[in-house]
Amino acid sequence: MEASSTSLKKIKFGKLKVVRRRLLQRYEHQPFISCLAGFYSCRWKRYQRRRTEPGKCCCKTRECVFFPLLVGAFCFSLVFLYMWGEAKNDYNNFDWYNYGNLGFWFLWSLVLLIVAAILFMYITLLLVLAMCLLAEGQQLYLHWSHKIGTFLVLGFSITAIFILSVLWGDQWKTVRLSFQMDRRKESCIAKRGACWGWMGAHLSPLNFGVVGGFNLCGIEEESCGKITAPYLHIGAITIMVLLSWPMALHAIRADKKVVQVIIVGPYLAILLFLFLIPLGMYSPCIREVGTLGPKPALIGHRGAPMLAPENTEMSFQKTIEHGADGLETDVTISYDGVPFLMHDSTLSRTTNIKEVYPNDTAQNAALFSWDALKELNAGAWFLKDKPFSCMGSLSRADQNQAMNQSVYKLSNFLRLADSQNKLVIFDLYRPPEKHPYRNSWINRTLEVILNESGIRPHLVLWLENDMRSFVQSVAPGFQQTVGSKAPVEDLLMDNIVKLNLAYTEMSSEDIRKYAEANITTNFYVINEPWLFSLAWCSGAHSVTTNAVHMLKNLNQPLFLMTPRQYNIMWILTDLASVLLISLIFALHWWRERSFSCCAHEGDPMLESGTYNKFRTELSNMPTIMA
């Protein structure tokens with residue numbers, strides 16, 4: 001009798017499992033889950049998928065090992081894409097570097113950006129699919145083709161980051177600038193930390209929002225944030241809110257407290273870090289109204305190389321047309337002593353020397369006579385190679401003018417600058433060995449500046465450091481400029497009035513320190529509006545740029561906001577996310593509690609019901625089985 005009763009229970013229990021499986025198939029989001037599983041694991045049929053039972057692992061051991069690789073591939077691809085996106089300012093330098101090694105011009109920088117974006121979107125799609133499957137309680141099984149793709153993304157991202165770090169490590173400084181982390185961060189953290197401590201002791205939650213108009217503790221000049229702070233902060237918090245759905249589902253369904261802690265603990269730690277991360281950032285663009293300094297002056301880098309062939313008369317004319325305050329160039333001395341404008345050591349990139357002197361393409365530019373240089377075309381390459389990815393289409397008149405550009409003499413360049421009252425700054429290249437002017441290159445350049453060009457001395461920013469004392473004695477009117485940071489006392493001793501620094505050395509503290517000694521600061525080469533905005537907010541006096549035509553139209557810095565605006569955005573974002581995450585956890589808790597109440601006590605198979613209608617039919621199962 002007992003055996004018969006046990007047998008009957010097993011039969012009923014088997015029927016119960018069959019009915020439950022059919023009801024799950026009927027009431028779950030069948031098309032939605034089919035698409036998710038199909039794209040993620042190529043399992044398009046229902047019977048090929050497995051549902052995760054409450055409190056159980058979301059996938060098999062092999063998939064549990066691979067899932068961190070998927071997350072790692074996403075993180076590394078995100079890091080590389082962000083790094084390469086911020087490196088856009090220097091794409092031309094990257095392409096020029098490859099030109100020097102490969103011998104032909106191509107926009108490798110743009111190709112690399114496109115590849116990085118495609119790989120990131122691919123791995124992000126896989127991760128989103130995985131999160132959606134977890135949210136629906138489905139087991140993860142990544143198809144082997146996607147696993148190969150994940151390894152490819154991971155390998156590409158790590159290799160690219162490593163190679164760029166070795167060959168082009170300065171780009172990490174650009175990333176640092178985008179987050180604006182510098183020495184003042186510790187001071188900022190200390191001030192905000194003291195501020196929070198004071199408020200915790202003296203303020204209640206009710207009067208917190210109105211104290212100081214949200215200007216926390218009066219931190220104005222050292223407001224904490226980053227150049228893109230509000231937007232990156234909101235983006236990260238939004239991702240955490242979306243992740244709260246699967247996190248809450250699996251945490252509440254877990255049958256052990258330890259499992260719940262393992263799931264929720266790291267999530268809450270990351271969330272708390274994101275809530276408090278603005279305490280440790282600094283941005284000069286978060287400042288009170290009326291404290292922003294004047295817009296930095298613009299110096300055309302080799303003229304306007306996005307609009308005309310670099311270092312040509314047309315290029316400098318375009319710079320002047322767009323309202324630049326100064327002109328930058330590079331000076332080389334020909335074999336017969338004529339200073340001319342040329343950046344590269346050879347003539348192969350920016351002239352047609354391959355057609356005119358095919359046997360001398362690798363020869364140093366300074367070893368040609370001026371008569372030979374005059375025969376070269378210095379503009380046709382510009383229309384053929386299109387050296388900048390953001391170049392606009394030129395008019396027919398501009399194309400014709402570019403096609404007829406020649407190598408430009410220093411004396412003509414200086415006359416043009418003087419006639420338009422423009423500052424000039426140039427890198428002066430010493431001629432190679434066995435050059436007639438190897439040891440008199442500075443004297444010859446000074447002769448052209450002072451005697452042949454007629455430019456007013458105060459327009460010349462003299463950058464060359466060799467024989468500086470001699471230059472000051474024969475041309476006391478030059479504005480002495482140096483290309484590296486040094487103690488203020490040393491700079492004043494050498495009569496230095498301007499620093500010419502790479503933008504990666506930008507520091508608002510140093511700018512202010514030198515300005516107090518009447519030493520201005522110029523940064524090169526800044527093309528991107530966000531970098532120019534940072535230089536503007538930091539107090540830079542001028543920047544050298546390839547994009548005078550774009551930066552001239554910028555009326556105020558990007559990301560400029562008051563401390564009140566930033567703190568309101570920061571606090572509201574945190575509060576809104578806390579509210580949404582709390583509601584999501586509460587919703588899952590309520591739903592699971594409701595389902596468990598409808599289930600028969602002792603029936604473990606009923607604890608994860610899906611919908612109200614499903615619960616209604618589930619409660620009628622004893623009648624069905626009877």
Side-chain donor/acceptor of Lys422 to backbone N/O of Ala324, under 3.5 Å: yes
Test side-chain hydrogen bond (donor to acceptor under 3.5 Å, both in side chains) applied to Ser395 - qualifying residues, sequence neighbours left out: Asp398
Side-chain donor/acceptor of Asn522 to backbone N/O of Leu499, under 3.5 Å: no
Over 12 non-hydrogen atoms of neighbours within 6.0 angstrom of CE in Met403: no
Salt bridge (charged side-chain N to carboxylate O under 4.0 Å, His left out): pairs with one or both residues in residues 162-175, sequence neighbours excluded: Asp170-Lys173
Donor-acceptor pair between Gln472 and Asn495 side chains, under 3.5 angstrom: yes
Salt bridge Arg302-Asp330, side-chain N to carboxylate O under 4.0 Å: yes
Minimal non-hydrogen separation, Thr312 against Ser406, with atom names: CG2-O, 4.2 Å
Modelled atom types, side-chain donor and acceptor of Arg287 and Thr291, under 3.5 Å: yes
Atom CD of Glu321: over 12 foreign heavy atoms under 6.0 Å: yes
Ring geometry between Tyr99 and Trp105 (parallel below 30°, tilted from 30 to 60°, perpendicular above 60°): tilted
Check: Gln171/Asp90 side-chain N/O donor and acceptor closer than 3.5 Å: yes
Side chain Asp490, main chain Ala486, donor-acceptor under 3.5 Å: no
side-chain hydrogen bond (donor to acceptor under 3.5 Å, both in side chains) against Asn421, all qualifying residues, sequence neighbours excluded: Arg456
Nearest-0.5 Å distance, CG of residue Leu307 to NE2 of residue His322: 5.5 Å
Ionic contact status for Glu86 with Arg176, cut-off 4.0 Å: no
Note, Leu410 side chain near Thr445 side chain (heavy atom, < 4.5 Å): yes
Check ion pair Arg444-Glu447 (N to O, under 4.0 angstrom): yes
Pair listing, salt bridge (charged side-chain N to carboxylate O under 4.0 Å, His left out) test, anchored in residues 539-560, at least two apart: none
Interatomic spacing from CG in Leu534 to CD1 in Ile526 - rounded to 0.5 Å: 8.0 Å
Listed partners of Phe106 passing ring-ring contact (aromatic ring centres under 6.0 Å, His included), at least two apart: Trp108
Under 3.5 Å side-chain donor-acceptor pair for Lys354 and Thr361: no
Ring centroid separation His343 to Trp96 under 6.0 Å: yes
Atom CZ of Phe76 with >12 non-hydrogen neighbours under 6.0 angstrom: no
Spacing of CG belonging to Asp325 relative to NE2 belonging to His541, to within rounding of 0.5 Å: 13.5 Å
Set of residues satisfying ring-ring contact (aromatic ring centres under 6.0 Å, His included) with respect to Trp172, sequence neighbours excluded: none
Under the side-chain contact (heavy atoms from CB on, under 4.5 Å) test, residues paired with Glu505 that sit two or more places apart: Lys485, Leu501, Ala502
Aromatic ring proximity, centroids under 6.0 angstrom, Phe120 and Phe74: yes
Those residues that, when tested against Tyr91, pass side-chain hydrogen bond (donor to acceptor under 3.5 Å, both in side chains) (two or more places apart): none
Where at least one partner belongs to residues 397-424, residue pairs that pass ring pair (Phe, Tyr, Trp, His ring centres under 6.0 Å), sequence neighbours excluded: Phe316-Phe413
Contact check, side chains of Met467 and Asn443, non-hydrogen atoms, under 4.5 Å: yes
Atom pair OG (Ser440) and CG (Leu446), whose distance is rounded to the nearest 0.5 Å: 11.0 Å
Sequence neighbours excluded, every pair satisfying ring pair (Phe, Tyr, Trp, His ring centres under 6.0 Å) that has a member inside residues 466-509: Trp462-Phe478
Side-chain touch Arg468/Ile442, heavy atoms, less than 4.5 angstrom: no
Side-chain donor/acceptor of Ser165 to backbone N/O of Gly169, under 3.5 Å: no
Asn101, CG atom: more than 12 neighbouring heavy atoms under 6.0 Å: yes
Salt bridge Asp510-Lys513, side-chain N to carboxylate O under 4.0 Å: yes
Ile455 side chain near Ile449 side chain, heavy-atom distance below 4.5 Å: yes
Atom of Leu554, atom of Trp536 and distance for their closest heavy-atom approach: O-CZ3, 3.8 Å
Those residues that, when tested against Gln556, pass side-chain hydrogen bond (donor to acceptor under 3.5 Å, both in side chains) (two or more places apart): none
Distance-minimising heavy-atom pair for Pro432 and Arg438: O-CD, 3.6 Å
Thr562 side chain reached by Ile286 side chain, heavy atoms, under 4.5 Å: no
Side-chain donor/acceptor of Asp344 to backbone N/O of Thr350, under 3.5 Å: no
Beyond-backbone contact of Phe80 with Leu119, side-chain heavy atoms, under 4.5 angstrom: no
Donor-acceptor pair, side chain of Gln405 and main chain of Gln401, under 3.5 angstrom: yes
Pairs touching residues 363-384 that satisfy side chain to side chain donor-acceptor pair (under 3.5 Å), sequence neighbours left out: Tyr357-Glu375
Rounded distance (nearest 0.5 Å) linking atom CG of Asn546 with atom CD of Glu328: 9.0 Å
Lys88, NZ atom: more than 12 neighbouring heavy atoms under 6.0 Å: no
Short side-chain to backbone donor-acceptor contact, Trp84 and Ser109, under 3.5 Å: yes
Ring centres under 6.0 angstrom apart (Tyr524, His301): no
